[in-house]
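Working notes, beginning with the structure itself.
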There are 2 protein chains.
Amino acid sequence: MDVFEIIAEPTRRAMLDMLAQGERTAGEIGGAFPSLTQPAVSRHLKVLRDSGLVEVRSAAQQRIYTLRPERLAEIDLWLDRYRRFWNGRLNALEGHLARIHDNSKPTSKRKPKQ
Amino acid sequence: MDVFEIIAEPTRRAMLDMLAQGERTAGEIGGAFPSLTQPAVSRHLKVLRDSGLVEVRSAAQQRIYTLRPERLAEIDLWLDRYRRFWNGRLNALEGHLARIHDNSKPTSKRKPKQ
DNA sequence: GAATTATATAAGCCAAAAGTTATATTTGCT
DNA sequence: AGCAAATATAACTTTTGGCTTATATAATTC
């Protein structure tokens, strides 16, 4: 599953945020979402597990979850090409270059298709 | 709409990527997605418009789209708390601190709920 | 002003995602 | 062995998002 879709879910983001503080048991994580039933929590955890964003290990009946954030770098990488826009590095020249892009004909020349 | 959900859609991400190169007309954008019908493209553009990630202006019958990436900073901000993990700044001490988090009782003390 | 081009909106359909209840699995305790 | 605790899975329902076809709007050209 695509990491962008996984973090699109606010509950899952919040779960990752918890785990960024340190390991947590499934029960502790679930406790932070009183509005969700236990299976709902468990399913989100499964999504995170399957995506590789978290890891589990057992301690008695409990499952201890650990953050495994490396795949978040994919998002960071995608953002790279936009960062310049809010970095102040987008100066007048860059703005201008972006505006007068390669395609000099505003009227489309592509296949009609419609 | 939540910016995380908006960029979860691969087509919309690709559209933003196009606009990162410079302005494009709706037709040019649609041309880049031959598998999509015109209304499908138009709907994605509407989502991007409503979210504030792009802006439009008219030139005759054409609509010219411009990137407006400021809201992507929300994602960048969220990533901040994870960046240290792949920045190599997560050293042995930090890893240790994360592991022995505040909650000293592995056995949950929260309300049963289940 | 009628036809054409460019784009948007409406309405309905379908698939995927998330939630629910019920049940299974695993481990610990007495 | 039997029961309780912690968590996962199954089966089903509901919601939502994106797609499609059909139609509307707006500017352009003949």
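So that the names make sense, note that chain A is the first sequence line, chain B the second, and so on, each numbered from 1.
Between A:Phe4 atom CZ and D:dG17 atom P the separation is 19 Å, expressed in whole Å. Per the geometry, CD1 belonging to B:Ile6 stands 16 Å off P belonging to D:dT16, to the nearest Å. The nearest whole Å value for the distance from the CZ atom in B:Arg57 to the P atom in C:dA8 is 14 Å. The CD atom of A:Glu28 sits 15 Å away from the C1' atom of D:dA5 (whole-angstrom rounding). Look at CG on A:Leu45: it is 6 Å from P on D:dA8, rounded to the nearest Å. For the pair A:Phe33 CZ and C:dT20 P, the computed distance is 14 Å after rounding to whole Å.
The shortest non-hydrogen separation linking A:Arg12 to A:Ile6 is NE-O, 2.8 Å. Residues A:Arg49 and A:Ser42 share a closest heavy-atom pair of NH2-O, 4.0 Å. B:Ile29 and B:Arg24 get closest at one heavy-atom pair: CG1-CB, 3.7 Å.
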Identify each atom pair where a protein N or O and an N or O of nucleotides 14-19 of chain C are less than 3.5 Å apart, giving names and distance.
| from | atom 1 | to | atom 2 | distance (Å) |
| --- | --- | --- | --- | --- |
| C:dA18 | OP1 | A:Arg12 | NH2 | 3.1 |
| C:dA18 | OP2 | A:Arg12 | NH1 | 3.3 |
| C:dG19 | OP1 | A:His44 | NE2 | 3.3 |
| C:dG19 | OP2 | A:His44 | NE2 | 3.1 |

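Between the side chains of B:Ser58 and B:Arg63, at least one donor-acceptor pair of N or O atoms lies under 3.5 Å.
Contact check on A:Arg57 versus A:Glu23 returns a salt bridge, with a Lys/Arg side-chain nitrogen under 4.0 Å from an Asp/Glu carboxylate oxygen. Salt bridge present: B:Asp50 and B:Lys46 bring a charged side-chain N and a carboxylate O closer than 4.0 Å.
The backbone N or O of B:Asp17 lies less than 3.5 Å from a partner atom in the side chain of A:Tyr82, making a donor-acceptor pair.
Partners of B:Ala40 by side-chain contact (heavy atoms from CB on, under 4.5 Å), not counting sequence neighbours, listed by chain and number: B:Leu36, B:Thr37.
Note on B:Tyr65: every side-chain N or O is 4.0 Å or more away from OP1 and OP2 of C:dA6.
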Per-nucleotide protein contact along nucleotides 22-29 of chain C, 5' to 3', at a 4.0 Å heavy-atom cut-off (B base, S sugar-phosphate only, - neither), is B----BS-

